[in-house]
Amino acid sequence: MSESKNYMQQSELLAKQYENNRQHYFELDEFIAISDYYMLNSNYKNALAVNSVAETFYPSSFELKIIKADLYIRSNELGKAGKIIKTIEYNSDTIPDVYVLKGEICIKRNQYESAEKLFDKAIKLSDDKDFTIEIICDFLMLTNQMQLAKKYLELAHDTILDFNADLMYRLAKCYEYESEYHKTLAVYEKMIENDPFDENIWNELGYIYMLLSDYENAIKAFDFRLAVNTSDATETLINKAECISMLGRYDEAINIYGKILKAEKENTDAMFGIAKCYERKEIYGKAEKIYLDIVSLNSNYKDAYSSLANIYSAKSEFEMAEQFMHKALNDNEIIPAFFIQMCKIQLQQDKIEEAKQTIKQVIYTDSCKHDYHAWLLYAEIVAIEDIEEAISVLETKYNEDFYSVGEVCYHLAYYNFIIDSIPQCVIYIERAIELNPDMMKTFFEICPEVMLNEQIMSVYRSFKTKR
């Protein structure tokens, strides 16, 4: 990871040197580094321009041709890429690269099976399999083909003996994208064992613990990051303070945010953290004032609008809450949590159809495919009019081996109990208890009538006896 970071820093310095003096002579590797810098910032136009200049100095470089074809593919100029590939595809040194490029074109054309066969050939023929897998997976992750990227990264993880931090980092990112957080943790922990002074991985580890609501371990990870390097640590401090706040230690968190504000007077993230502490303490007046100060400094700070909506919801002023949520949703960016929040506000006003339309805007997006909160809420809205349809919605997620399937099972049990489908209710109760026994108490609180059903209670008593 540190080598990759150093390379990007050097690439950025070379790019600035190139921009300041384009007449300067660069070595081939330097031209490629400059092109990489622009490419990784999705500035394909500049990357292609640098590549063209490099070709005037190094006209026989196959590497420049491969890079140029790749840039054309990323720019969706597939015809131009194809012409370049034809000029190099019979050169023995470029055969693995040609298969990679052809596979990329197939991905762009949604020909996934063909792409996979081409990538497999590229890896088989490559003398540097790590590097080939890396460039394939970079492209797949860029085009949101996470499942296929994960396949190759897991293959590398299982079969390549040398420790490769760059490939492992990409694998962790794929797991994170798929909400497989425990697998993400396992990869990062192995990386930390190999390099305990990698500040970036300590940061990533802390963030994943946050996603799992394991705030104590998140704080430890952030503390290790700070112990390795105290510079450029504002983001780490803010995340650490948020964990402390989530544990109810509000004054301690406010103290950390305050120190950040002494150095950066208008750091809106630190201001937001303080406001969130006051909101959690139900000191709504102070929280509201700070949130309003934040949006006066940055009118696009959507989390502040969302938090203002929370405050007005807490005060049962739902129309005002809805107005602030409209501001949070006022662009084309899809943030599922905001749509879910708006949906709940609409439900509190009995705007059932509006709530259904709101959540349907995000429920089938990639961002929500593992979000059980969203799917359970959607099923709840559907159940208002049609419980059997709600069951069908959740059964679809259950059959997908859905993340947090335990919660889905409890809701399926509940809906089946309501329609008096006791055998199905029992099936889901058995599965739910197996996956998440701690939720059974909550289930009884929501649906106390099940305690009068001998079949269901027999399942529960049997589980308690085994335990």
Side-chain angles (χ1 to χ4, degrees), residues 110 144 146 177-179 211 276 279 288 291-292 295 298-419 421 428 442 446-447:
N110 301 320
N144 290 320
M146 294 295 183
Y177 182 87
E178 294 290 318
S179 300
L211 291 177
K276 187 58 69 176
E279 182 188 339
E288 182 181 359
Y291 288 138
L292 291 171
V295 296
N298 180 2
S299 60
N300 291 317
Y301 203 112
K302 298 180 183 302
D303 285 327
Y305 291 123
S306 168
S307 295
L308 284 163
N310 276 337
I311 288 172
Y312 281 103
S313 290
K315 296 192 290 186
S316 299
E317 297 180 33
F318 300 119
E319 288 186 13
M320 185 65 77
E322 194 168 345
Q323 286 178 32
F324 279 114
M325 282 312 303
H326 279 301
K327 290 185 178 182
L329 296 169
N330 190 25
D331 63 21
N332 294 323
E333 185 182 6
I334 299 294
I335 302 176
F338 290 168
F339 282 86
I340 292 169
Q341 185 179 353
M342 173 66 97
C343 180
K344 289 178 178 178
I345 291 168
Q346 289 167 335
L347 285 174
Q348 286 172 308
Q349 300 172 81
D350 293 325
K351 297 179 178 179
I352 307 303
E353 193 55 39
E354 285 184 37
K356 185 187 288 188
Q357 294 309 314
T358 295
I359 200 156
K360 282 176 77 173
Q361 291 180 64
V362 296
I363 199 71
Y364 296 105
T365 63
D366 285 344
S367 302
C368 276
K369 66 182 179 182
H370 293 301
D371 191 331
Y372 74 93
H373 296 291
W375 281 98
L376 293 179
L377 181 58
Y378 179 53
E380 180 186 328
I381 295 167
V382 170
I384 293 169
E385 296 177 346
D386 190 337
I387 291 176
E388 290 188 359
E389 186 184 344
I391 290 171
S392 177
V393 166
L394 292 184
E395 281 180 341
T396 300
K397 302 311 293 181
Y398 175 80
N399 292 327
E400 288 176 6
D401 194 20
F402 187 54
Y403 185 70
S404 296
V405 72
E407 287 84 343
V408 173
C409 287
Y410 279 109
H411 281 73
L412 280 166
Y414 173 66
Y415 290 138
N416 276 285
F417 181 81
I418 289 174
I419 63 171
S421 179
Y428 285 120
T442 305
I446 293 170
C447 188

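Count residues from 1 along the sequence.
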Rounded at 0.5 Å granularity, tell me how far [atom1] in [X] sits from [atom2] in [Y].
X: Ser179; Y: Asp371; atom1: OG; atom2: CG; answer: 8.0 Å
X: Asn399; Y: Thr396; atom1: CG; atom2: OG1; answer: 7.0 Å
X: Met325; Y: Cys343; atom1: CE; atom2: SG; answer: 10.5 Å
X: Ile359; Y: Ile381; atom1: CD1; atom2: CD1; answer: 5.0 Å
X: Lys351; Y: Met342; atom1: NZ; atom2: CE; answer: 8.5 Å
X: Ile340; Y: Leu377; atom1: CD1; atom2: CG; answer: 6.5 Å

Between [X] and [Y], do the side chains contain an N or O donor and an N or O acceptor separated by less than 3.5 Å?
X: Glu395; Y: Tyr428; result: yes
X: Gln323; Y: Glu319; result: no
X: Tyr312; Y: Glu322; result: no

May I ask you to decide if [Y]'s main-chain N or O and [X]'s side chain share a donor-acceptor pair within less than 3.5 Å?
X: Tyr305; Y: Ser299; answer: yes
X: Thr358; Y: Glu354; answer: yes
X: Gln349; Y: Ile345; answer: yes
X: Gln341; Y: Ser306; answer: yes

Shortest non-hydrogen contact between [X] and [Y], atoms and distance:
X: Ile419; Y: Glu388; answer: CD1-CG, 4.2 Å
X: Ala355; Y: Gln346; answer: CA-OE1, 3.2 Å
X: Leu376; Y: Val408; answer: CD2-CA, 4.2 Å
X: Ala328; Y: Phe338; answer: O-CD1, 3.9 Å
X: Ser313; Y: Phe318; answer: O-CE2, 3.6 Å
X: Tyr415; Y: Leu394; answer: CE1-CD1, 3.9 Å

Item to complete: Taking the six-membered ring for Trp and the full ring for Phe, Tyr or His, determine whether the centres of Trp375 and Tyr398 are under 6.0 Å apart.
Response: no

Worksheet entry | Stepwise side chain to side chain contact (heavy atoms under 4.5 Å, CB included) check, Ile335 with Phe339 | CA-CA 7 Å; Ile335 302 176; Phe339 282 86; 5.6 Å; no

Worksheet item: Can you tell if the side chain of His411 reaches within under 4.5 Å of the side chain of Lys397, non-hydrogen atoms only?
Response: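 When only atoms from C-beta onward are counted, Lys397 and His411 do not touch, as no gap falls below 4.5 Å.
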
Discussion item. Measuring only between side-chain heavy atoms, which start at C-beta, is Tyr291 closer than 4.5 Å to Ile311?
Written reply: yes

Practice prompt. For side chain to side chain contact (heavy atoms under 4.5 Å, CB included), just list the numbers for Asn144 and Tyr177, CA-CA rounded to whole Å, side-chain angles, deciding distance to a tenth of an Å, and then say yes or no.
Written response: CA-CA 9 Å; Asn144 290 320; Tyr177 182 87; 4.2 Å; yes

Worksheet item: Run the side chain to side chain contact (heavy atoms under 4.5 Å, CB included) check on Asn310 and Lys276 step by step: do they pass?
Response: CA-CA 11 Å; Asn310 276 337; Lys276 187 58 69 176; 4.2 Å; yes

Worksheet item: Between Glu385 and Lys356, does a side chain to side chain contact (heavy atoms under 4.5 Å, CB included) hold up when you go through it step by step?
Response: CA-CA 11 Å; Glu385 296 177 346; Lys356 185 187 288 188; 3.7 Å; yes

